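Some notes on the structure that comes next.
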Amino acid sequence: MAEFDMIIKNGLYFDGTGKHATVKNIGIKAGKITQVCNEPLNEDHCDKVITADKMWVMPGFIDTHTHYDAELIASPSLSESVRHGVTTVMVGSCSLSMICSEYEDASDIFTRVETVPREKVLPIIKQHKTWNTPKQWVEFVKQHPLGPNVISMLGHSDLRAGVMGLMRSTDADVIPTESEMLQMEILLKESLEIGFLGLSTMRLKWDKIDGDRAWSKSLPSTYARWREVSRLNKLVRQYDRVHQGAPNATAILQINQYMRECMGIFRKPLKTTLISRMDLKGSVYLSKITNLAARVTNFFKGDFRWQVLPTPFTVYADGIDVVFFEEFGAGEMALDLKDQISRNALLKDEKYRRDFRKFYGEKLSPRVWQRDFGDAIILDCPDASIIGKNFSDVAQKRDVHVVDLFLDLVVEFGTSLRWYTTVANHRKHILKHMVKDDKSLITFSDAGAHIRNMAFYNLPLRMLKLVKESIDEGQPMMSMEKAVWKMTGDQADWFGIDAGRIQIGDRADVTIINPQHFKQNLEKVCWKEMENFNLQRLVNRNPDLVNTVLINGKLAFENNTLAPELGIDKGFGTFLPAK
């Protein structure tokens, strides 16, 4: 009998704790790390020996902000994350799980917000959804051929819609009855008992509902009074779990509610992570406010962590269809119209254009988009003469206001007008400062969502490249060991899951990286098929950078190729409960 099923030899070994990395040999048996040593291991009858000379061997990355809730049902390989070294993903973010609500409600609170077509998602959920409680969902997931491991929050919008119904849960005049509150508490408690990581909520009003019944209403979670959120958080605190939230970007003082809830004065602190700390082009002061809020909360015995995206926040758009237009009235009016004819009529209206120009000119109000068409590059258009140019330059050449130019182009070309802009994290020195903060949670990939607008599937690799560049330049922002820890052991410890390390006895979730290939552009995007959805989506491709990925000791990815059984056979990922 073989002593090991698999051996990884001569790789630079990062154990996920932040300890100094050294060259080691690793033995794996029955899905577990059984040996880590300097001496050569017995290769007799070993099924697989991986020679990792000059490579980095580390725990599989943990992605704690995805929207794979629908995709894991139809395409459980979640291969776009696995190919980048991710071996554990979190679903249920931003109040959006697919557990308690009926199948159509679950689809409608998800598809417009996360810009995955309703006509694709709704049939999938209708066909497969047999559960309405957290326990039933976990039973389904445990029998599902997952690619990576799955961890989950319980989404507050899902919980509200499941208990109150979609229409009552999105009525500003309706407060849940005591019976409804008790039912929400029962479901939340059940989720915490079986290992959900906590509760996710949403206060951002621009996240809107799809379908015909509640079209363009905000998500159910946004209609809840804070006392409802606080009451549910008592259970989250009791179980020492996490509240994930998203404050309203246009009402920044609302963060005080989260701060008070998180603080541990005369009680146990409530672990809280918010979306998201960014260096916004349009609101530079917001980054300073978010930093101050975190420091004050943690000074008063809180356990507060901002989510930080360790890369420029670049967003792609088709015509006027981009979520940050929801933050001002004129953009919201256009996006609320489904019918193209009605939308074009609105965009041509002179009064509407005056309103749009007014909103565009307001530079001091809180905002995510910097409202600068001069900072937006046209990627594709039937009029080839403007491709590669920014809207302001084109407007100046045509002697028209840039807002009028943009609206004219949208009316003429619709979604065939494709453009992009970088909204935040454009200043590398500020980004480094945010990333190296010990209270920053390095996450917010949004994997599985915004399939035409953004792609951060390789977020952990971008983090490591950022740190590696600083080391190579002789001005290290942190050690590489710490960078690996922030993507693995740090997140596992804070969320309380059995992952993020590859020491003896740990599950063999392993990623092997060839650092020579960090020189390629990790921000580059391309189009690839979204498996089982018959869609093309923006993704990342970084050939040869990730050499090998193991999940539960099984080979999931090697030499730029996914294992054919990934997402088909069981034995790779599983549901990981909170400890």
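What you see is a predicted model; the values in this text were computed from it and never measured.
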Exercise. Would you say the side chains of T443 and Q491 form a donor-acceptor pair under 3.5 Å?
Worked result: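 No, because no side-chain N or O of T443 sits under 3.5 Å from a partner of the opposite role on Q491.
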For this session: Would you check if there is a donor-acceptor pair between the side chains of S445 and D63 at a distance under 3.5 Å?
Result: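 Present: a donor and an acceptor within the cut-off.
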For this session: Fit a plane to each ring of W369 and F325, take the angle between them on a 0 to 90° scale, and name the class: parallel (under 30°), tilted (30 to 60°) or perpendicular (over 60°).
Result: tilted
Exercise. What class does the angle between the rings of F575 and W137 fall in, given that below 30° is parallel, 30 to 60° is tilted and above 60° is perpendicular?
Worked result: perpendicular
Interatomic spacing from [atom1] in [X] to [atom2] in [Y] - rounded to 0.5 Å:
X	Y	atom1	atom2	value
S470	K432	OG	NZ	5.5 Å
T311	L431	OG1	CG	7.0 Å
F61	T87	CZ	OG1	9.0 Å
H156	I109	NE2	CD1	11.0 Å
L464	F518	CG	CZ	5.0 Å
E114	D207	CD	CG	7.0 Å

Seminar exercise, completed: Only residue of N149, T64, D498 satisfying side-chain contact (heavy atoms from CB on, under 4.5 Å) with T88 is N149
Do NZ/NE/NH1/NH2 and the carboxylate oxygens of [X] and [Y] come within less than 4.0 Å?
X	Y	result
K281	D372	no
E71	R537	yes
R112	D321	no
D108	K217	no
R501	D493	yes

Under 3.5 Å: donor-acceptor pair, side chain of [X], backbone of [Y]:
X	Y	result
W419	G319	yes
Y239	G198	no
T66	M90	yes
R241	L192	yes
S440	M434	yes

Problem set entry | Cation-pi check, K271 onto F304 ring (under 6.0 Å, within 45° of axis) |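 Judged by the rule (NZ or CZ under 6.0 Å from the ring centre, within 45° of its axis), K271 is not positioned above F304.
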Which atom of [X] lies closest to which atom of [Y], heavy atoms considered:
X	Y	result
V322	Y316	CG2-O, 4.4 Å
L461	L522	O-CD1, 3.6 Å
F572	N552	O-CB, 3.3 Å
D446	M454	OD2-SD, 4.2 Å
L459	P310	CG-CD, 3.6 Å
D303	P269	N-CB, 4.2 Å

Exercise. Would T511 and T488 count as a side chain to side chain contact (heavy atoms under 4.5 Å, CB included) if you check the C-alpha gap in whole Å, the side-chain angles of each, and the deciding distance to 0.1 Å?
Worked result: CA-CA 11 Å; T511 292; T488 58; over 6 Å; no
pair [X]-[Y]: side-chain heavy atoms closer than 4.5 Å:
X	Y	value
V82	S77	no
L280	Q370	no
L466	M477	yes
N233	V229	yes
V296	M263	yes
Q244	S93	yes
L159	S97	no
D375	N390	no

Among residues at least two apart in sequence or on other chains, which ones pass side chain to side chain donor-acceptor pair (under 3.5 Å) with [X]?
X	value
N540	none
N453	T115
W56	none
S200	none

For this session: Check ring-ring contact (aromatic ring centres under 6.0 Å, His included) between F557 and all other residues, then give those that pass, not counting sequence neighbours.
Result: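 Partners of F557 under the ring-ring contact (aromatic ring centres under 6.0 Å, His included) test: none.
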Does [X] [atom1] have over 12 foreign heavy atoms under 6.0 Å away?
X	atom1	answer
F533	CZ	yes
K579	NZ	yes
R295	CZ	no

Exercise. Between E332 and W206, is a side chain to side chain contact (heavy atoms under 4.5 Å, CB included) present by the stated rule, with each step listed?
Worked result: CA-CA 8 Å; E332 187 178 22; W206 72 36; over 6 Å; no
Problem set entry | Derivation of the side chain to side chain contact (heavy atoms under 4.5 Å, CB included) call for C94 and I275 | CA-CA 9 Å; C94 300; I275 307 158; 3.7 Å; yes
For this session: Could you please spell out the steps behind the salt bridge (Lys or Arg N to Asp or Glu O under 4.0 Å) verdict for R305 and D438?
Result: CA-CA 9 Å; R305 304 187 73 167; D438 285 341; over 6 Å; no
Problem set entry | Evaluation steps, side-chain hydrogen bond (donor to acceptor under 3.5 Å, both in side chains), between E261 and H243 | CA-CA 10 Å; E261 196 82 0; H243 177 198; over 6 Å; no
Problem set entry | Matching residue for D158 among S221, S101, S95 - test: side chain to side chain donor-acceptor pair (under 3.5 Å) |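 Option passing the side chain to side chain donor-acceptor pair (under 3.5 Å) with D158: S101.
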Problem set entry | Check: W226 ring centre within less than 6.0 Å of Y258 ring centre |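 Yes, close enough.
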Problem set entry | Listed once per pair and sorted, the side-chain hydrogen bond (donor to acceptor under 3.5 Å, both in side chains) pairs that draw on residues 519-530, sequence neighbours left out | E529-Q536
For this session: May I have the step-by-step check of side-chain hydrogen bond (donor to acceptor under 3.5 Å, both in side chains) for D544 and N560, ending in yes or no?
Result: CA-CA 6 Å; D544 303 317; N560 301 311; 2.8 Å; yes
Problem set entry | side chain to side chain contact (heavy atoms under 4.5 Å, CB included) between L417 and I378, worked out | CA-CA 7 Å; L417 173 69; I378 300 166; 4.1 Å; yes
